[in-house]
> 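Quick one: the structure is below, and I'll ask about it shortly.
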Amino acid sequence: MKVLYFAWLKEKTSLAEEDLPLPCGVSTVAGLMEYLKNRGGGFSDAFADITMIRVAVNMEHVQVSHPLSDSDEVAFFPPVTGG
Amino acid sequence: MKVLYFAWLKEKTSLAEEDLPLPCGVSTVAGLMEYLKNRGGGFSDAFADITMIRVAVNMEHVQVSHPLSDSDEVAFFPPVTGG
Amino acid sequence: MIRIQTEDFDVGAEIKNLVSGKGNIGGVCSFIGLVRDFSGNEPNGENITSLTLEHYPGMTEKQLEKIETQARQRWDLIETLIIHRVGQLQPSEQIVLVATAAAHRDAAFESAKFIMDFLKTEAPFWKKELGNKGAKWVAAKQSDSAKKETWENE
Amino acid sequence: MIRIQTEDFDVGAEIKNLVSGKGNIGGVCSFIGLVRDFSGNEPNGENITSLTLEHYPGMTEKQLEKIETQARQRWDLIETLIIHRVGQLQPSEQIVLVATAAAHRDAAFESAKFIMDFLKTEAPFWKKELGNKGAKWVAAKQSDSAKKETWENE
């Protein structure tokens, strides 16, 4: 699974992207967010308030209940501010 | 009184503008249109159907009931088609 | 600003000029009206070769200024521009440019639409089409009056 | 057409290119978004010196194409163009250009507004402001989500 971080999530995690196996017991975006939050350090800070975070799976906006598979590209970012 | 004709009114009357005293007994735009229609020739043709004609007095759109004075500038034209 | 002219206009240069030096502008909405080119595509096989735009000098400026003033009363605008050409135009040529600059995009979009809707019904311009089947004055559209009335009833 | 680029764009040239050779276009509506220049005018005395635009390559194009497709399904459009810049921008610089060309002006106005409203909520761009009081990520506006929802409920 490819995981991407943008804007302040990239800054807080100090990571733009990583390859990660789907963690054991994780089947949804919400589960992955919980897993990442428990990594500690910058990740705990970045995922402290998940209401501030938006998610895309395979470049489509999804809800946190969206299911995940090991071949997915998952991206975490704040609400968009383009235009 | 200055009277102006635009678009097909100018073509039918063969006149772009003329200086005209306020005709005796005419006090509104409708009265002037009736007077012009009775001039005969191109004017009768131009003013045959007054529902096709729009009017401005002193460069403001008005209804045919609008009063006229000898110092007015009156313009007759079809509905506008700019833009 | 209002300009009536026979010459063509450069949209990029006009918009650049409009926003230059005014840092609080967040968005510019513009509308460009073009002479449609129906070459061979008119339902009746008519081929329009040119368009002549007549206007009523003096009243045109007065009406456009009034429209601009109404738009500025209705929305918070930083700049407005109306350029309208007169004289003879060829298919695909530019006829009109309306541009509105505001801090926020809704004001820019709405006011540009408002100006076009009122220009179409209040500004004394008349189009005459010249084609292979002769010349004819373009008829006004009922839908344009309806659009203006929608604004008045808001 | 969709373009993501670091370079500035020439609005006049882009619009000319959009309409060139398509005679049935009667009107073009465009919207240009600019970096607002608050020099010394920010309520808190902050002075914004530059803006950095980050995006999600791949998803940006995918989302903008989806928005363009939706606009073309909803209105009768002849051409659509979205140009969005990324990277570092200075106050007063152009950020985005949306242009829509149609036979009739309402389709052009409405669709350009629609594209901007969806771009603001769906396209993965993030703005970071750099000022004399440091850098901060721009917060999304609740009003932008509300505008998108208005279209969805129509």
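Numbered from 1 within each chain, the chains take letters A, B, ... in sequence-line order.
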> Can you tell me which of C29(D), G27(D), S30(D), G12(D) forms the most heavy-atom pairs within a distance under 4.5 Å of chain C?
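Among the listed options, the one with the most contacts to chain C is S30(D).
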
> Could you have a look at K147(D), E14(D), K22(D) and say which one has the most heavy-atom pairs with chain C under 4.5 angstrom?
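Heavy-atom pairs under 4.5 Å are most numerous for K147(D).
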
> Can you tell which part of V28(C) gets under 4.5 Å to a heavy atom of chain D, answering side chain, backbone, both or neither?
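Answer is both: backbone and side chain atoms of V28(C) are under 4.5 Å from chain D.
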
> Can you tell which part of A112(D) gets under 4.5 Å to a heavy atom of chain C, answering side chain, backbone, both or neither?
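Interface part for A112(D): both.
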
> Under a 3.5 Å distance rule, please check whether R105(D) uses its side chain to pair with a backbone N or O of G33(C) as donor and acceptor.
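Not at all, since once roles are kept as given, no pair shorter than 3.5 Å links the two residues.
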
> Under a 4.5 Å heavy-atom cutoff, which of G21(D), A103(D), A101(D) has the most pairs with chain C?
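Between G21(D), A103(D), A101(D), the count favours A103(D).
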
> Over 60° means perpendicular and under 30° means parallel, so tell me whether W75(D) and W151(D) are parallel, tilted or perpendicular.
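Taking W151(D) first and then W75(D), their aromatic rings stand perpendicular (interplane angle over 60°).
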
> Using heavy-atom distances under 4.5 Å, tell me whether I15(D) contacts chain C through its side chain, its backbone, both, or neither.
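Contact with chain C involves the side chain of I15(D) alone.
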
> Relative to chain D, which of S92(C), G26(C), A99(C) shows the most heavy atom pairs under 4.5 Å?
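Most heavy-atom pairs within the cutoff with chain D belong to G26(C).
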
> Check the orientation of F109(C) and F31(D). Use parallel for under 30°, tilted for 30 to 60°, and perpendicular for over 60°.
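It falls in the parallel class, under 30°.
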
> Do E122(D) and K66(D) meet the salt-bridge criterion of a basic N to acidic O distance under 4.0 Å?
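Looking at K66(D) and E122(D), the cut-off is not met.
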
> Show, in sequence, the C-alpha distance, side-chain angles and deciding distance for K16(D) and D10(D), and conclude whether the salt bridge (Lys or Arg N to Asp or Glu O under 4.0 Å) test is met.
CA-CA 10 Å; K16(D) 188 165 278 183; D10(D) 176 337; over 6 Å; no

> Is there a side-chain contact between V86(D) and T60(D) in this structure, where contact means two heavy atoms from C-beta onward sitting under 4.5 Å apart?
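No, every pair of side-chain atoms sits at 4.5 Å or beyond.
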
> Taking V19(C), I32(C), V11(C) one by one, which has the highest count of heavy-atom pairs under 4.5 Å against chain D?
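Among the listed options, the one with the most contacts to chain D is I32(C).
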
